[in-house]
Amino acid sequence: MDQIYVIKEVLNFYEGKQGVVVCGWVRTRRDSKGFSFVEINDGSCLKNLQLVIDHGTLPLDEVKRITTGASIRAIGDIVPSPGKKQKWEMHVRKLEILGEADPNKYPLQKKRHSDEFLRKIAHLRVRTNKYGAIYRIRSRAAFLIHRFFQQRHFSYIHTPIITSSDCEGAGDLFQVIKRGEELDSFFKRPAFLTVSGQLTAEALCMGLGKVYTFGPTFRAEDSNTPRHAAEFWMVEPEMAFYDLEQDIDLAEELIKYVVSNVVKENSEDIELFTRFVDKGLLERLNRVIEEPFVRIEYSEAIFILKHADKKENFIFKPEWGEDLQTEHERYLSEKHFNLPVVVYNYPKDIKPFYMRLNDDEKTVAAMDILLPQVGEVVGGSQREERYDVLVRNIEQMGMDIEDYLWYLDLRKYGSVPHSGFGLGFDRLIMFLCSVHNIRDTIPFPRTPGTLNF
RNA sequence: UCCUCGGUAGCUCAAGCGGCAGAGCGGGUGACUGUUAAUCACCAUGUUGGCGGUUCAAGUCCGCCCCGAGGAGCCA
């Protein structure tokens, strides 16, 4: 079998080449007298390869079966194109139609479709320019996350998908049962899908030093918004000996690393979004790469918001001790600073039990990173490493200490200061592609009331 | 879960007060052309989301349901 070249390789040839094999899906065909132009795409890059088919090589009635959406394998010569829109084209010697696509029924047109329509045909939308680009960027970003951590001596760990208790202390969990049996028949206790790998990651960092998990996470919250999915992907690093400031430094560095390298390595795809989806995208990405993130304490944020309330007239009045509302976050990251904003040192009463109590005894060493357009993309904290304080927290929040004995062991034997955060991967993709609905960054999204494909 | 808006041809949308359901794109056929969102001509396309109600008459008004979008809460 001949080697199959991907279109990305072919378009980077520095000289012509004979007898090249390419495969792909037809985007469009234009017939001329005596020959036809066919553009195919194979997903390796945004660009199509133009095939020139002489009707002497393939009779016209055969050529007419090459319709939009059909799949083909072609062998031919790569030669410089006289046309202005492409450097190389293929003069086809032999062409085989692998699978036809009835043009009366194939749902994808050459023209633009709405995101809502494409979501209904999620199994086919990958064949459009926009969704191909989103998934290529998603792939690249995932790889860059691994590269970032691996270069910094982190170990990639696999935390459980099936868990016995939830991490946040509350929240809606999916329960795991053996089909047709009692709730706890299999594990002899209730079992759930993970909402975070943090607690087990903490255990592993107390031995491996620096670790990260990167995997699917599940939340059964009935929240129907463009930013929530029932199944999403989260990056969760956990670092021994890191304090909150080092935690924030790492998160900022990670976001800058992924954004800058996607801009470099997927420049064609980013250009597509900048041209056709959001003119301000590249500029916004560059700002994130070049400018330091704004860092403000929660108390400062409340101060700024209270001041701004006179003009903005927020629906929820900012008040120390209350969580920041969506309108507050948007004001800070989009209007006031127009930059990524890190808010840290939150009141302890609105944060979970494992966050480290600050010396003021009122706040904890927590931090959130807010991105313009997307909102909260990172949530993290320095963890409470003091055994007594942690026990008190668990008791005060009415949780069962029996469930956390192993977690408390980490504070009993060689406890160290440590920190970590969770980064919503799909939300980062939203930011990178200026996609406004998380359902469009996940190939087959799961949301309340929707479980297709 | 709550609030708001929407559902009409394959797609994107139009159809003042209830009165014969339309356009562009896409598709088909033909012409022309190293074309490239090709161009030109002609042709076809409908259970107006579903069920029920009001009416001589419902895409349009009323009720219930389904689906989608935006906003809110919660969060990543």
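Chain letters run A, B, ... following the sequence lines, proteins first, then strands; residues in each count from 1.
Not one side-chain nitrogen or oxygen of A:K33 sits closer than 4.0 Å to the OP1 or OP2 atom of B:U35.
With ring centers used as reference points, A:Y331 lies under 6.0 Å from A:F314. Under the 6.0 Å cut-off for aromatic ring centres, A:H146 and A:Y212 qualify, their centroids lying closer than that. Between A:F192 and A:F174, the gap from one ring centroid to the other reaches at least 6.0 Å. A distance of 6.0 Å or more separates the ring centres of A:H328 and A:F316.
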N/O contacts under 3.5 Å, protein versus nucleotides 69-73 of chain B?
residue	atom	partner	partner atom	Å
B:A69	OP1	A:R119	NH1	2.2
B:G70	OP2	A:N437	ND2	3.4
B:A72	N6	A:N224	O	3.4
B:G73	OP1	A:Q325	OE1	2.4
B:G73	OP2	A:T326	OG1	2.7
B:G73	N2	A:D222	O	3.3

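To the nearest angstrom, C1' of B:G34 lies 13 Å from CD of A:E39. Atom-to-atom, CD1 of A:I53 to P of B:G34 comes out at 17 Å; the value is rounded to the nearest Å. Atom CD of A:E221 and atom P of B:A76 are 9 Å apart (whole Å). Counting to the nearest Å, the P atom of B:C25 and the CZ atom of A:R112 are 17 Å from each other. Rounded to whole Å, the distance from CZ on A:F431 to P on B:A76 is 19 Å.
The partner of B:G24 is B:C11, by the rule that a Watson-Crick or G-U pair needs both atom distances under 3.5 Å. Of the nucleotides present, B:C67 is the one that pairs with B:G6 by Watson-Crick or G-U wobble criteria, both distances under 3.5 Å. Applying the Watson-Crick and G-U wobble criteria (two distances, each under 3.5 Å), B:U29 pairs with B:A41. Across all strands shown, B:U1 forms a Watson-Crick or G-U wobble pair with B:A72, both key distances being under 3.5 Å.
Ring geometry, A:F453 versus A:F444: the interplanar angle falls from 30° to 60°, so the pair is classed tilted.
A salt bridge links A:K306 and A:E319; the closest N-O separation between the charged side-chain nitrogens and carboxylate oxygens is under 4.0 Å.
The stacking criteria are not both satisfied for A:F35 over the base of B:G34, which would need a centre-to-centre distance under 5.5 angstrom and an angle between ring planes under 30 degrees.
With sequence neighbours excluded, the residues satisfying side chain to side chain donor-acceptor pair (under 3.5 Å) with A:E62 are A:R65.
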